[in-house]
Amino acid sequence: MNSRSKRNWRQRVAIGSNPERNRAHNRRVVLEVIRMHGHLGRTEIARRAQLTAQAVANIVEELLEEGLLIELGRLRSGRGQPPIQFAVNPNGPLTVGVEIAADRLVTVLLDLSGGLRGQSITPLNKTGPDVVPGKVAEEVKRLQGQLDADTAKLLGVGVVMPGPFEIEGMSSVGPATLPGWTGVDAVSLFSKATGEHVVIENDATAAAVGERLYGAGRQIGTFCYLYFGVGLGLGVIQDGRPLRGAFGNAGEIGHVGLVPRKGPVLHGPAGALERFASVYALREHLANAGIHVSTVEDIQRLHDEGSQPLAHWIELAADYLAPTVGMLENIFDPETVIFGGGLPNSVLDAVIMALDPLPVSVATRQQRTAPRILRGQTGQLTAALGAAALPLLDTVSPHLSVAAGSAA
(Lines give C-alpha, C1' and ligand atoms only; values in the text may rest on other atoms or scores of the structure.)
Protein backbone atom coordinates (compact mmCIF):
# COMPACT_ATOMS: atom_id res chain seq x y z
CA MET A 1 0.00 0.00 0.00
CA ASN A 2 1.42 3.42 -0.89
CA SER A 3 2.12 6.18 1.63
CA ARG A 4 -0.97 8.21 0.65
CA SER A 5 -3.22 5.18 1.13
CA LYS A 6 -1.55 4.43 4.44
CA ARG A 7 -2.17 8.00 5.65
CA ASN A 8 -5.78 7.75 4.50
CA TRP A 9 -6.64 4.70 6.59
CA ARG A 10 -4.12 4.72 9.43
CA GLN A 11 -4.11 8.34 10.55
CA ARG A 12 -5.90 9.02 13.82
CA VAL A 13 -8.17 12.02 14.15
CA ALA A 14 -6.74 14.55 16.62
CA ILE A 15 -8.94 15.45 19.57
CA GLY A 16 -10.66 18.75 18.84
CA SER A 17 -13.25 21.02 20.37
CA ASN A 18 -15.17 22.26 17.36
CA PRO A 19 -18.97 21.77 17.59
CA GLU A 20 -19.22 19.33 14.68
CA ARG A 21 -16.60 17.02 16.18
CA ASN A 22 -18.29 17.21 19.59
CA ARG A 23 -21.66 16.43 18.01
CA ALA A 24 -20.33 13.38 16.19
CA HIS A 25 -18.74 12.14 19.40
CA ASN A 26 -21.95 12.72 21.37
CA ARG A 27 -23.94 10.74 18.79
CA ARG A 28 -21.60 7.80 19.31
CA VAL A 29 -21.91 8.17 23.08
CA VAL A 30 -25.71 8.08 22.92
CA LEU A 31 -25.74 5.04 20.62
CA GLU A 32 -23.22 3.21 22.80
CA VAL A 33 -25.20 3.87 25.98
CA ILE A 34 -28.38 2.54 24.40
CA ARG A 35 -26.62 -0.42 22.79
CA MET A 36 -25.02 -1.46 26.08
CA HIS A 37 -28.25 -1.28 28.10
CA GLY A 38 -30.80 -2.60 25.60
CA HIS A 39 -33.35 0.18 25.90
CA LEU A 40 -33.48 3.48 27.78
CA GLY A 41 -35.54 6.65 28.07
CA ARG A 42 -34.17 10.11 27.27
CA THR A 43 -33.62 11.08 30.91
CA GLU A 44 -31.66 7.92 31.66
CA ILE A 45 -29.68 8.32 28.44
CA ALA A 46 -28.76 11.87 29.45
CA ARG A 47 -27.70 10.72 32.92
CA ARG A 48 -25.53 7.86 31.69
CA ALA A 49 -24.04 9.84 28.79
CA GLN A 50 -23.55 12.94 30.97
CA LEU A 51 -25.22 15.13 28.36
CA THR A 52 -27.99 17.70 28.67
CA ALA A 53 -31.56 16.60 28.17
CA GLN A 54 -31.90 18.91 25.15
CA ALA A 55 -28.75 17.51 23.52
CA VAL A 56 -30.03 13.96 23.99
CA ALA A 57 -33.46 14.86 22.63
CA ASN A 58 -31.93 16.34 19.48
CA ILE A 59 -29.57 13.41 18.95
CA VAL A 60 -32.27 10.79 19.54
CA GLU A 61 -34.52 12.54 17.00
CA GLU A 62 -31.74 12.45 14.41
CA LEU A 63 -30.98 8.79 15.05
CA LEU A 64 -34.65 7.89 14.75
CA GLU A 65 -34.88 9.66 11.39
CA GLU A 66 -31.75 7.85 10.17
CA GLY A 67 -33.13 4.46 11.19
CA LEU A 68 -30.41 3.78 13.74
CA LEU A 69 -32.86 3.80 16.67
CA ILE A 70 -36.43 2.60 17.16
CA GLU A 71 -39.07 3.68 19.66
CA LEU A 72 -40.35 0.87 21.90
CA GLY A 73 -43.13 2.69 23.74
CA ARG A 74 -43.43 3.70 27.38
CA LEU A 75 -41.96 1.83 30.32
CA ARG A 76 -44.44 1.46 33.21
CA SER A 77 -42.62 2.21 36.44
CA GLY A 78 -43.41 4.46 39.40
CA ARG A 79 -45.58 7.55 39.30
CA GLY A 80 -46.00 10.10 36.56
CA GLN A 81 -45.83 9.79 32.81
CA PRO A 82 -43.80 6.67 31.91
CA PRO A 83 -40.72 7.46 29.79
CA ILE A 84 -40.59 6.49 26.13
CA GLN A 85 -37.93 3.83 25.56
CA PHE A 86 -35.46 3.79 22.68
CA ALA A 87 -33.38 0.89 21.38
CA VAL A 88 -30.86 0.24 18.62
CA ASN A 89 -32.73 -0.74 15.47
CA PRO A 90 -31.89 -4.39 14.70
CA ASN A 91 -33.37 -3.90 11.23
CA GLY A 92 -31.38 -0.76 10.54
CA PRO A 93 -28.20 -0.44 8.50
CA LEU A 94 -25.74 -3.34 8.46
CA THR A 95 -21.98 -3.55 8.39
CA VAL A 96 -19.87 -6.00 6.40
CA GLY A 97 -16.76 -7.70 7.70
CA VAL A 98 -14.33 -9.38 5.33
CA GLU A 99 -11.26 -11.40 6.22
CA ILE A 100 -8.88 -11.91 3.31
CA ALA A 101 -6.65 -14.79 4.29
CA ALA A 102 -4.00 -16.54 2.22
CA ASP A 103 -6.42 -19.37 1.42
CA ARG A 104 -9.97 -18.17 2.06
CA LEU A 105 -12.41 -15.28 2.06
CA VAL A 106 -14.61 -14.96 5.16
CA THR A 107 -17.56 -12.55 4.94
CA VAL A 108 -20.16 -11.60 7.57
CA LEU A 109 -23.07 -9.17 7.80
CA LEU A 110 -23.81 -7.65 11.23
CA ASP A 111 -26.69 -5.48 12.39
CA LEU A 112 -26.22 -2.57 14.79
CA SER A 113 -26.88 -4.75 17.81
CA GLY A 114 -24.13 -7.14 16.72
CA GLY A 115 -26.53 -9.77 15.37
CA LEU A 116 -25.13 -12.00 12.62
CA ARG A 117 -27.33 -11.61 9.52
CA GLY A 118 -25.24 -13.47 6.99
CA GLN A 119 -21.95 -15.33 6.68
CA SER A 120 -19.86 -17.28 4.21
CA ILE A 121 -16.44 -18.92 3.99
CA THR A 122 -15.18 -19.45 0.46
CA PRO A 123 -11.83 -20.73 -0.90
CA LEU A 124 -9.50 -18.10 -2.32
CA ASN A 125 -7.01 -19.24 -4.94
CA LYS A 126 -5.71 -15.82 -6.01
CA THR A 127 -5.03 -13.05 -3.49
CA GLY A 128 -3.74 -10.21 -5.67
CA PRO A 129 -5.24 -6.70 -5.82
CA ASP A 130 -6.43 -7.32 -9.38
CA VAL A 131 -8.76 -10.11 -8.20
CA VAL A 132 -9.70 -9.77 -4.52
CA PRO A 133 -11.70 -6.49 -4.51
CA GLY A 134 -14.04 -7.85 -7.19
CA LYS A 135 -14.47 -11.13 -5.26
CA VAL A 136 -15.29 -9.16 -2.11
CA ALA A 137 -17.86 -7.06 -3.96
CA GLU A 138 -19.50 -10.18 -5.40
CA GLU A 139 -19.75 -11.87 -2.00
CA VAL A 140 -21.14 -8.76 -0.32
CA LYS A 141 -23.77 -8.40 -3.04
CA ARG A 142 -24.69 -12.08 -2.76
CA LEU A 143 -25.20 -11.91 1.01
CA GLN A 144 -27.16 -8.66 0.69
CA GLY A 145 -29.38 -10.35 -1.88
CA GLN A 146 -30.45 -12.91 0.74
CA LEU A 147 -32.00 -10.15 2.86
CA ASP A 148 -35.05 -7.96 2.39
CA ALA A 149 -34.30 -4.77 0.49
CA ASP A 150 -35.27 -2.67 3.51
CA THR A 151 -32.64 -4.33 5.70
CA ALA A 152 -29.75 -4.44 3.22
CA LYS A 153 -28.45 -0.86 3.62
CA LEU A 154 -24.81 -0.76 4.66
CA LEU A 155 -22.93 1.57 7.00
CA GLY A 156 -19.63 0.38 5.65
CA VAL A 157 -17.23 -2.47 4.97
CA GLY A 158 -14.38 -3.53 7.23
CA VAL A 159 -11.59 -5.45 5.48
CA VAL A 160 -8.85 -7.28 7.34
CA MET A 161 -5.68 -8.72 5.86
CA PRO A 162 -2.63 -10.48 7.30
CA GLY A 163 0.29 -8.18 8.02
CA PRO A 164 2.85 -6.91 8.06
CA PHE A 165 1.76 -3.94 5.94
CA GLU A 166 4.26 -2.36 3.54
CA ILE A 167 6.84 -5.15 4.16
CA GLU A 168 6.82 -7.40 1.11
CA GLY A 169 7.89 -10.99 1.72
CA MET A 170 8.71 -10.73 5.42
CA SER A 171 6.66 -13.78 6.41
CA SER A 172 8.70 -16.51 8.03
CA VAL A 173 6.37 -19.27 6.88
CA GLY A 174 5.88 -18.46 3.21
CA PRO A 175 2.38 -17.57 2.06
CA ALA A 176 1.09 -16.12 5.35
CA THR A 177 1.10 -12.59 3.97
CA LEU A 178 -0.55 -11.46 0.74
CA PRO A 179 2.01 -10.69 -1.98
CA GLY A 180 1.47 -7.91 -4.47
CA TRP A 181 -0.15 -5.32 -2.19
CA THR A 182 2.87 -3.11 -1.51
CA GLY A 183 2.32 0.35 -3.02
CA VAL A 184 -1.38 -0.32 -3.66
CA ASP A 185 -4.10 2.08 -2.49
CA ALA A 186 -6.16 -0.72 -0.96
CA VAL A 187 -8.88 1.49 0.53
CA SER A 188 -9.64 3.05 -2.86
CA LEU A 189 -9.69 -0.36 -4.59
CA PHE A 190 -12.18 -1.88 -2.14
CA SER A 191 -14.26 1.27 -1.94
CA LYS A 192 -14.52 1.48 -5.73
CA ALA A 193 -15.41 -2.21 -6.02
CA THR A 194 -18.10 -2.17 -3.31
CA GLY A 195 -19.30 1.43 -3.54
CA GLU A 196 -19.12 1.62 0.25
CA HIS A 197 -17.23 3.32 3.08
CA VAL A 198 -14.19 1.10 3.78
CA VAL A 199 -11.95 0.59 6.81
CA ILE A 200 -8.86 -1.66 6.65
CA GLU A 201 -7.14 -3.39 9.56
CA ASN A 202 -4.56 -6.01 10.46
CA ASP A 203 -6.26 -9.42 10.85
CA ALA A 204 -4.97 -10.21 14.35
CA THR A 205 -5.98 -6.78 15.67
CA ALA A 206 -9.44 -7.15 14.14
CA ALA A 207 -9.72 -10.63 15.65
CA ALA A 208 -8.95 -9.17 19.07
CA VAL A 209 -11.69 -6.57 18.52
CA GLY A 210 -14.11 -9.34 17.50
CA GLU A 211 -13.27 -11.36 20.60
CA ARG A 212 -13.63 -8.25 22.77
CA LEU A 213 -17.11 -7.47 21.44
CA TYR A 214 -18.58 -10.93 20.86
CA GLY A 215 -16.45 -13.55 22.60
CA ALA A 216 -14.32 -14.35 25.62
CA GLY A 217 -13.11 -10.76 25.98
CA ARG A 218 -16.52 -9.16 26.55
CA GLN A 219 -15.87 -8.67 30.26
CA ILE A 220 -12.08 -8.23 29.94
CA GLY A 221 -10.63 -4.79 29.34
CA THR A 222 -6.98 -5.74 28.81
CA PHE A 223 -5.90 -8.95 27.11
CA CYS A 224 -3.56 -10.41 24.49
CA TYR A 225 -5.06 -12.44 21.65
CA LEU A 226 -2.91 -15.01 19.84
CA TYR A 227 -4.51 -15.41 16.43
CA PHE A 228 -3.87 -18.63 14.52
CA GLY A 229 -4.34 -17.58 10.92
CA VAL A 230 -2.16 -19.16 8.29
CA GLY A 231 0.64 -17.57 10.28
CA LEU A 232 0.53 -16.40 13.89
CA GLY A 233 -0.52 -12.89 14.86
CA LEU A 234 -1.06 -10.97 18.07
CA GLY A 235 -3.84 -8.56 18.89
CA VAL A 236 -3.62 -6.50 22.07
CA ILE A 237 -6.59 -4.85 23.74
CA GLN A 238 -5.48 -2.30 26.33
CA ASP A 239 -8.19 -0.67 28.45
CA GLY A 240 -10.75 -1.63 25.81
CA ARG A 241 -8.79 -0.22 22.87
CA PRO A 242 -6.74 -2.07 20.26
CA LEU A 243 -3.01 -1.40 20.15
CA ARG A 244 -1.99 -0.78 16.53
CA GLY A 245 1.45 0.75 16.36
CA ALA A 246 2.60 3.58 14.09
CA PHE A 247 1.96 1.71 10.82
CA GLY A 248 -0.63 -0.89 11.80
CA ASN A 249 1.98 -3.61 12.36
CA ALA A 250 1.88 -4.00 16.14
CA GLY A 251 1.60 -7.65 17.09
CA GLU A 252 3.65 -9.32 14.34
CA ILE A 253 4.73 -11.90 16.89
CA GLY A 254 5.04 -14.71 14.36
CA HIS A 255 8.35 -13.23 13.20
CA VAL A 256 9.89 -13.22 16.69
CA GLY A 257 12.45 -15.90 17.54
CA LEU A 258 11.98 -17.58 20.92
CA VAL A 259 13.83 -20.27 22.83
CA PRO A 260 11.58 -23.36 23.19
CA ARG A 261 11.25 -25.28 26.44
CA LYS A 262 13.16 -28.14 24.88
CA GLY A 263 14.69 -28.97 21.54
CA PRO A 264 17.26 -27.17 19.37
CA VAL A 265 17.47 -23.38 19.27
CA LEU A 266 17.32 -21.96 15.74
CA HIS A 267 18.27 -18.42 14.74
CA GLY A 268 16.97 -16.08 12.05
CA PRO A 269 13.80 -16.79 10.00
CA ALA A 270 14.21 -20.54 10.61
CA GLY A 271 13.68 -19.94 14.33
CA ALA A 272 10.68 -17.63 14.00
CA LEU A 273 7.69 -18.55 16.12
CA GLU A 274 5.22 -19.15 13.29
CA ARG A 275 7.57 -21.70 11.75
CA PHE A 276 6.42 -23.96 14.61
CA ALA A 277 3.14 -22.57 15.98
CA SER A 278 0.76 -21.66 13.16
CA VAL A 279 -1.75 -23.30 10.86
CA TYR A 280 0.85 -23.29 8.10
CA ALA A 281 3.35 -24.99 10.40
CA LEU A 282 0.76 -27.62 11.32
CA ARG A 283 -0.01 -28.34 7.68
CA GLU A 284 3.69 -28.62 6.91
CA HIS A 285 4.23 -30.95 9.87
CA LEU A 286 1.35 -33.18 8.79
CA ALA A 287 2.49 -33.15 5.15
CA ASN A 288 5.88 -34.47 6.24
CA ALA A 289 3.96 -37.40 7.74
CA GLY A 290 2.07 -37.93 4.49
CA ILE A 291 -1.16 -36.28 5.73
CA HIS A 292 -2.62 -33.38 3.76
CA VAL A 293 -5.26 -31.08 5.26
CA SER A 294 -6.91 -28.00 3.79
CA THR A 295 -9.79 -27.16 6.14
CA VAL A 296 -10.55 -26.82 9.84
CA GLU A 297 -12.84 -29.81 9.45
CA ASP A 298 -9.89 -31.91 8.21
CA ILE A 299 -7.90 -30.99 11.33
CA GLN A 300 -10.88 -31.72 13.56
CA ARG A 301 -11.26 -35.17 11.99
CA LEU A 302 -7.60 -35.95 12.67
CA HIS A 303 -7.99 -34.90 16.28
CA ASP A 304 -11.11 -37.05 16.68
CA GLU A 305 -9.16 -40.01 15.26
CA GLY A 306 -6.30 -39.49 17.72
CA SER A 307 -3.72 -38.67 15.04
CA GLN A 308 -0.20 -39.07 16.43
CA PRO A 309 1.40 -36.54 14.03
CA LEU A 310 -1.18 -33.99 15.17
CA ALA A 311 -0.51 -34.82 18.81
CA HIS A 312 3.22 -34.41 18.20
CA TRP A 313 2.68 -30.99 16.64
CA ILE A 314 0.55 -29.89 19.61
CA GLU A 315 3.44 -30.72 21.95
CA LEU A 316 5.95 -28.99 19.67
CA ALA A 317 3.80 -25.86 19.36
CA ALA A 318 3.29 -25.76 23.14
CA ASP A 319 7.06 -25.81 23.69
CA TYR A 320 7.25 -22.52 21.78
CA LEU A 321 3.98 -21.01 22.96
CA ALA A 322 4.57 -21.47 26.69
CA PRO A 323 7.53 -19.02 26.75
CA THR A 324 5.55 -16.80 24.38
CA VAL A 325 2.77 -16.50 26.93
CA GLY A 326 5.26 -15.63 29.67
CA MET A 327 6.85 -12.99 27.45
CA LEU A 328 3.49 -11.40 26.61
CA GLU A 329 2.51 -11.34 30.26
CA ASN A 330 5.76 -9.64 31.25
CA ILE A 331 5.47 -7.03 28.48
CA PHE A 332 1.76 -6.20 28.50
CA ASP A 333 0.58 -7.35 31.97
CA PRO A 334 -2.77 -8.55 30.53
CA GLU A 335 -5.69 -9.92 32.51
CA THR A 336 -5.45 -13.04 30.35
CA VAL A 337 -4.09 -14.38 27.05
CA ILE A 338 -6.69 -15.71 24.60
CA PHE A 339 -5.99 -18.32 21.90
CA GLY A 340 -8.25 -18.36 18.85
CA GLY A 341 -8.60 -18.33 15.07
CA GLY A 342 -8.28 -20.99 12.41
CA LEU A 343 -7.90 -24.12 14.53
CA PRO A 344 -10.71 -26.34 15.89
CA ASN A 345 -11.74 -25.59 19.47
CA SER A 346 -10.66 -29.06 20.56
CA VAL A 347 -7.15 -28.55 19.15
CA LEU A 348 -6.85 -25.13 20.78
CA ASP A 349 -7.93 -26.72 24.07
CA ALA A 350 -5.28 -29.42 23.63
CA VAL A 351 -2.59 -26.82 22.91
CA ILE A 352 -3.60 -24.85 26.01
CA MET A 353 -3.45 -27.99 28.15
CA ALA A 354 0.01 -28.81 26.78
CA LEU A 355 1.32 -25.40 27.92
CA ASP A 356 1.43 -26.62 31.52
CA PRO A 357 3.62 -25.77 33.31
CA LEU A 358 3.65 -22.13 32.23
CA PRO A 359 6.74 -20.12 33.14
CA VAL A 360 6.67 -17.79 36.11
CA SER A 361 5.78 -14.25 35.06
CA VAL A 362 4.10 -11.14 36.41
CA ALA A 363 0.83 -13.01 35.84
CA THR A 364 1.75 -15.66 38.41
CA ARG A 365 -0.56 -14.34 41.11
CA GLN A 366 -2.59 -16.36 43.56
CA GLN A 367 -5.57 -14.05 43.29
CA ARG A 368 -6.78 -13.96 39.71
CA THR A 369 -10.20 -13.14 38.24
CA ALA A 370 -9.44 -15.06 34.99
CA PRO A 371 -7.17 -17.98 34.06
CA ARG A 372 -3.85 -17.07 32.49
CA ILE A 373 -5.01 -18.69 29.22
CA LEU A 374 -8.50 -18.75 27.70
CA ARG A 375 -9.76 -20.23 24.46
CA GLY A 376 -11.63 -17.80 22.21
CA GLN A 377 -15.35 -18.20 21.59
CA THR A 378 -15.83 -16.82 18.07
CA GLY A 379 -14.06 -19.49 16.01
CA GLN A 380 -13.22 -18.96 12.35
CA LEU A 381 -15.40 -15.85 12.18
CA THR A 382 -13.34 -13.92 14.73
CA ALA A 383 -11.38 -11.68 12.36
CA ALA A 384 -14.39 -11.07 10.09
CA LEU A 385 -16.55 -10.15 13.09
CA GLY A 386 -13.89 -7.70 14.16
CA ALA A 387 -13.76 -6.34 10.62
CA ALA A 388 -17.52 -5.79 10.59
CA ALA A 389 -17.21 -4.02 13.93
CA LEU A 390 -14.81 -1.42 12.52
CA PRO A 391 -17.37 0.68 10.58
CA LEU A 392 -19.91 -0.14 13.32
CA LEU A 393 -17.58 1.31 15.94
CA ASP A 394 -16.96 4.35 13.76
CA THR A 395 -20.67 5.04 14.19
CA VAL A 396 -21.51 3.51 17.56
CA SER A 397 -18.64 3.35 19.99
CA PRO A 398 -16.64 6.27 21.38
CA HIS A 399 -14.58 3.94 23.57
CA LEU A 400 -13.06 1.25 21.33
CA SER A 401 -11.09 3.58 19.08
CA VAL A 402 -10.61 2.59 15.44
CA ALA A 403 -8.59 3.77 12.48
CA ALA A 404 -10.22 6.97 11.32
CA GLY A 405 -9.26 6.98 7.67
CA SER A 406 -11.79 5.77 5.13
CA ALA A 407 -12.99 6.16 1.60
CA ALA A 408 -16.51 6.72 0.46
Side-chain angles (χ1 to χ4, degrees), residues 162-163 171-173 176 203-205 207-208 211 215-217 220 223-237 250-267 269-286 296 299 302-303 307 309-364 368 370-377 379 382-383:
S171 174
S172 303
V173 300
D203 58 354
T205 299
E211 198 67 43
I220 303 174
F223 64 88
C224 294
Y225 185 91
L226 275 176
Y227 179 64
F228 290 83
V230 174
L232 185 72
L234 170 68
V236 178
I237 300 294
E252 286 298 330
I253 196 168
H255 307 289
V256 173
L258 290 172
V259 176
R261 291 186 297 194
K262 54 182 181 287
V265 177
L266 301 178
H267 300 281
L273 180 59
E274 63 181 24
R275 289 290 305 177
F276 307 94
S278 65
V279 175
Y280 182 90
L282 170 58
R283 290 174 179 169
E284 187 175 57
H285 183 85
L286 293 174
V296 171
I299 300 172
L302 287 177
H303 190 256
S307 166
L310 175 57
H312 181 260
W313 176 83
I314 289 171
E315 292 295 328
L316 175 66
D319 284 338
Y320 281 85
L321 290 171
T324 301
V325 169
M327 178 187 69
L328 294 177
E329 291 170 335
N330 286 333
I331 294 174
F332 296 105
D333 192 22
E335 296 173 60
T336 191
V337 177
I338 300 175
F339 284 27
L343 288 173
N345 287 341
S346 61
V347 173
L348 286 171
D349 288 338
V351 170
I352 292 171
M353 288 183 63
L355 295 176
D356 189 53
L358 286 168
V360 174
S361 76
V362 297
T364 311
R368 294 187 56 89
R372 289 175 67 179
I373 312 293
L374 288 174
R375 192 243 302 153
Q377 298 175 356
T382 304

Q) What pair of heavy atoms forms the shortest contact from Pro359 to Gly326, and how long is it? A) CG-CA, 4.0 Å
Q.
Restricting to side-chain hydrogen bond (donor to acceptor under 3.5 Å, both in side chains), what partner residues turn up for Thr382, sequence neighbours left out?
A. Thr378
Q) Do the side chains of Leu310 and Leu282 get nearer than 4.5 Å, heavy atoms only? A) yes
Q.
Are the side chains of Arg372 and Thr364 in contact, using a 4.5 Å heavy-atom criterion?
A. yes
Q: Indicate the ring-plane relationship of Phe276 and Tyr320, choosing parallel, tilted or perpendicular according to the 30° and 60° boundaries.
A: parallel
Q.
If I take atom CG from residue Leu302 and atom CH2 from residue Trp313, how far apart are they, to the nearest 0.5 angstrom?
A. 12.0 Å
Q | Spatial distance of atom CG (Asp319) from atom CG (Leu355) [nearest 0.5 Å] | A | 9.5 Å
Q) Rounded to the nearest 0.5 Å, how far apart are CD1 of Ile331 and CE of Met327? A) 5.0 Å
Q: Could you tell me whether the side chain of Thr324 reaches within less than 4.5 Å of the side chain of Val337, counting heavy atoms only?
A: no
Q. How many angstroms lie between atom CG of Leu358 and atom CG of Leu321, to the nearest 0.5 angstrom?
A. 10.0 Å
Q: Give the minimum heavy-atom separation between Ala216 and Gly376, together with the two atoms involved.
A: CB-CA, 4.4 Å
(Q) Keeping Arg283 on the side-chain end and Ser278 on the backbone end, is there a donor-acceptor pair under 3.5 Å? (A) no
Q) Between the side chain of Glu329 and the main-chain N/O of Val362, is any donor-acceptor distance below 3.5 Å? A) no
Q | pair Asp203-Tyr227: side-chain heavy atoms closer than 4.5 Å | A | yes
Q) Under the criterion side-chain contact (heavy atoms from CB on, under 4.5 Å), which of Val325, Val347, Asp349 is the partner of Phe339? A) Val325
Q.
Please evaluate residues Val296 and Val279 with respect to the criterion side chain to side chain contact (heavy atoms under 4.5 Å, CB included), reporting the C-alpha separation (whole Å), side-chain torsions for both, the decisive distance (0.1 Å), and the verdict.
A. CA-CA 10 Å; Val296 171; Val279 175; over 6 Å; no
Q.
So Leu348 and Phe228, do their side chains get closer than 4.5 Å, heavy atoms only?
A. yes
Q: Could you tell me whether the side chain of Gln377 and the main chain of Glu211 form a donor-acceptor pair under 3.5 Å?
A: no
(Q) Minimum heavy-atom separation for Gly231 and Glu274, please, with both atom names. (A) CA-OE1, 3.5 Å
Q: Go through the structure and list residues passing side-chain hydrogen bond (donor to acceptor under 3.5 Å, both in side chains) with Thr336, not counting sequence neighbours.
A: none
Q | Partner of Leu226 under side-chain contact (heavy atoms from CB on, under 4.5 Å), chosen from Ile338, Val351, Leu328, Leu273 | A | Leu328
**Q.** Where Tyr225 and Ala207 come nearest, the two heavy atoms and their spacing
**A.** CE2-CB, 3.7 Å
